[in-house]
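The model shown is predicted, which means the values in this text are computed figures rather than measured ones. Here is how names work: the chains are called A, B, and so on, in the same order as the sequence lines, proteins then strands, and each is numbered from 1.
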Protein chains: 2
Amino acid sequence: MTRAESIDRPYHHGDLRRALIEAALALVTEEQDWSFSLREVARRAGVSHNAPYNHFSEKRDLLGAVAAAGFEALRDRMRAAIAGVGNPRTALLAGAAAYVNAGVENPALYRLMFGPALATPAPVVRSGTASADSGRPAEARAAGAGAKAVLDEIILRGAERGVFAISATSKSELAIAALSIWSAVHGLTLLLIDSLTGSELAIDTLVNRLIRTLLEGLEPR
Amino acid sequence: MTRAESIDRPYHHGDLRRALIEAALALVTEEQDWSFSLREVARRAGVSHNAPYNHFSEKRDLLGAVAAAGFEALRDRMRAAIAGVGNPRTALLAGAAAYVNAGVENPALYRLMFGPALATPAPVVRSGTASADSGRPAEARAAGAGAKAVLDEIILRGAERGVFAISATSKSELAIAALSIWSAVHGLTLLLIDSLTGSELAIDTLVNRLIRTLLEGLEPR
DNA sequence: TATTGATATTGACAGTGTCAACTTAGCGCA
DNA sequence: TGCGCTAAGTTGACACTGTCAATATCAATA
């Protein structure tokens with residue numbers, strides 16, 4: 001008997017990869033931090049401290065998979081929030097509220113999705129233009145794109161129906177509009193997470209005002 | 001002779017606290033990551049691996065001091081960018097551009113300023129409203145507030161002169177406007193850092209369009 | 001039935017954050 | 001002047017980490 005304790009657990013787990021992701025996700029959620037050890041994740045999954053290396057080449061990889069799961073959940077939540085909503089303006093407000101609430105409810109997970117744990121360790125030299133592709137795992141990138149697509153669709157629909165002052169055929173106009181909204185929503189989420197708003201308003205109210213400001217503008221008409 | 005090597009370095013460093021912050025800042029900047037060890041910071045400063053504990057009770061504390069330094073630099077940079085600019089609209093564009101550029105030039109530092117390394121390890125239960133104060137070090141919080149104040153001033157000036165459609169006497173209107181702008185700028189900075197914009201435009205152009213969208217609104221007039 | 005390949009295990013290693021105990025040296029006070 | 005206090009440095013130890021290498025298990029397949 002070489003195994004430490006001989007509970008009649010099979011030698012091979014069967015679905016360890018998924019189990020590890022779930023354990024790590026639970027840890028992130030509970031501790032609101034991802035500085036837990038890979039060994040603890042393994043312990044939770046009931047395997048030896050080195051078993052994870054059969055499924056993830058690094059701790060970073062596991063965290064990347066967790067981030068991807070987070071993006072998928074976010075995407076689903078936004079889709080659910082806008083399902084059946086016809087008016088693009090209303091859909092935008094609902095989608096944005098869903099987004100921000102998801103982030104605020106699990107700040108550590110939200111941070112992990114965009115987090116520095118996934119950044120390339122190598123120093124990235126940057127020119128004055130913003131080029132695509134960074135060092136984050138492909139899995140997380142793809143899942144993130146899926147979430148962003150929900151937003152893009154709303155904008156496109158709004159442009160098509162003339163609800164937004166954007167040409168539905170101009171890719172760049174659409175992109176700028178989406179970027180503006182995504183920036184605002186992403187930023188607000190993080191400021192809320194950091195408790196940096198100084199506002200006592202409920203989150204939904206805040207999101208409402210933010211998006212309305214974006215739609216209507218700050219300058220006098 | 002108990003000391004490892006007897007170069008004639010004095011037993012007491014003299015200004016170790018500052019030296020440690022500088023070393024850590026340099027490491028963050030070089031490696032674009034703050035997973036370096038506290039011991040390496042000590043090595044850089046030329047002291048033993050435990051010397052830092054006389055000035056910082058945890059590694060987190062040191063990183064907090066670095067974050068505070070980052071906020072001060074950001075504040076100075078914004079102030080320089082808007083110095084002598086009379087028109088609030090122009091000032092807003094200039095200040096925002098300075099902000100985003102600062103973030104993009106040293107992404108790891110920017111992340112650290114708002115980063116999860118400073119978050120409370122304890123699980124934070126959150127109600128539906130956004131309350132102030134989080135677990136980040138007072139030093140970093142104060143420095144962050146100093147940077148935000150620059151933005152607030154611009155908004156206030158704009159409101160006073162009627163450049164923005166905001167009542168200069170309504171605290172809540174001012175706060176919402178500032179929050180909207182800060183969210184957008186913060187969000188854009190992070191999306192750029194993550195190379196998530198998919199845009200090939202120069203940063204200054206991007207900032208310009210973002211702020212103009214915010215000022216003019218997305219809806220048809 | 002023997003082989004193989006994927007999946008798991010144990011053991012080892014250097015390096016980490018932090019605690020405890022000790023040393024140094026500058027400053028205020030007898 | 002000298003003495004001791006205290007802040008600021010030191011070494012040493014500890015449990016624990018991520019990751020590597022070697023080994024064990026077992027299902028599938030030839």
Rounded to whole angstroms, how far apart are [atom1] on [X] and [atom2] on [N]?
X: A/Leu62; N: D/dG18; atom1: CG; atom2: P; value: 10 Å
X: A/Leu27; N: D/dT17; atom1: CG; atom2: P; value: 12 Å
X: B/Lys59; N: C/dG15; atom1: NZ; atom2: P; value: 16 Å
X: A/Phe56; N: D/dT19; atom1: CZ; atom2: P; value: 13 Å
X: B/Leu63; N: C/dT18; atom1: CG; atom2: P; value: 10 Å
X: B/Phe36; N: C/dG15; atom1: CZ; atom2: C1'; value: 16 Å
X: A/Glu58; N: D/dT17; atom1: CD; atom2: P; value: 18 Å
X: B/Asp15; N: D/dG9; atom1: CG; atom2: P; value: 10 Å

Enter the distance from [X]:[atom1] to [Y]:[atom2] here, rounded to the nearest 0.5 Å.
X: A/Arg75; Y: A/Leu151; atom1: CZ; atom2: CG; answer: 14.5 Å
X: A/Leu38; Y: A/Leu20; atom1: CG; atom2: CG; answer: 8.0 Å
X: B/Leu196; Y: A/Arg141; atom1: CG; atom2: CZ; answer: 6.5 Å

Any [X] side-chain nitrogen or oxygen under 4.0 Å from OP1 or OP2 of [N]:
X: B/Ser37; N: C/dG15; result: no
X: B/Arg60; N: C/dT18; result: no
X: A/His55; N: C/dA8; result: yes

Contacts under 3.5 angstrom, residues 207-214 of chain A side chains, donor-acceptor by atom type, not counting sequence neighbours:
unit_1	atom_1	unit_2	atom_2	d
A/Thr213	OG1	A/Arg209	O	2.8

The side chain of B/Leu38 lies closest to which of these nucleotides: C/dT18, C/dA8, D/dT19?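 Within the option list, the nearest is C/dT18.
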Please tell me which of the listed nucleotides, D/dG18, C/dG17, C/dT16, lies nearest to the side chain of A/Tyr53?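 Nearest nucleotide to the side chain: D/dG18.
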Is A/Lys59 close enough and on-axis enough to A/Phe36, meaning under 6.0 Å and within 45°, for cation-pi?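 Judged by the rule, A/Lys59 and A/Phe36 form a cation-pi pair.
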Nearest nucleotide by nearest heavy atom, which residue falls closer to the 5' end of DNA chain C, B/Ser35 or A/Arg17?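 Mapping each residue to its closest nucleotide by heavy atoms, the 5'-most match is A/Arg17.
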Is it the case that C/dA8 (base atoms only) and A/Asn54 (side chain only) share a donor and an acceptor within less than 3.5 Å, ignoring hydrogens and angles?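 Yes, the side chain and the base share a sub-3.5 Å donor-acceptor pair.
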Sort out for me which residue in B/Glu22, B/Glu31, B/Glu30 forms a salt bridge (charged side-chain N to carboxylate O under 4.0 Å, His left out) with B/Arg44.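 Exactly one pass, corresponding to B/Glu30.
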In terms of the angle between their ring planes, are A/Tyr110 and A/Tyr99 parallel, tilted or perpendicular, with boundaries placed at 30° and 60°?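 Rings of A/Tyr110 and A/Tyr99: perpendicular, as their planes differ by over 60°.
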Table of protein N/O atoms under 3.5 Å from nucleotides 11-13 of chain C N/O atoms:
unit_1	atom_1	unit_2	atom_2	d
C/dG11	O6	A/His49	NE2	3.1
C/dG11	O6	A/Asn50	ND2	2.7

Remember a base hit wins even if backbone is also touched, and classify B/Gly14 as base, sugar-phosphate or nothing at under 4.0 Å, heavy atoms.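 The answer is sugar-phosphate, as B/Gly14 gets under 4.0 Å only of primed atoms, P, OP1 or OP2.
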For B/Ser48, answer base if it contacts any base atom (sugar-phosphate contacts may also be present), sugar-phosphate if it contacts only those atoms, and nothing otherwise; contact means non-hydrogen atoms under 4.0 Å.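 Base, at least one base heavy atom under 4.0 Å.
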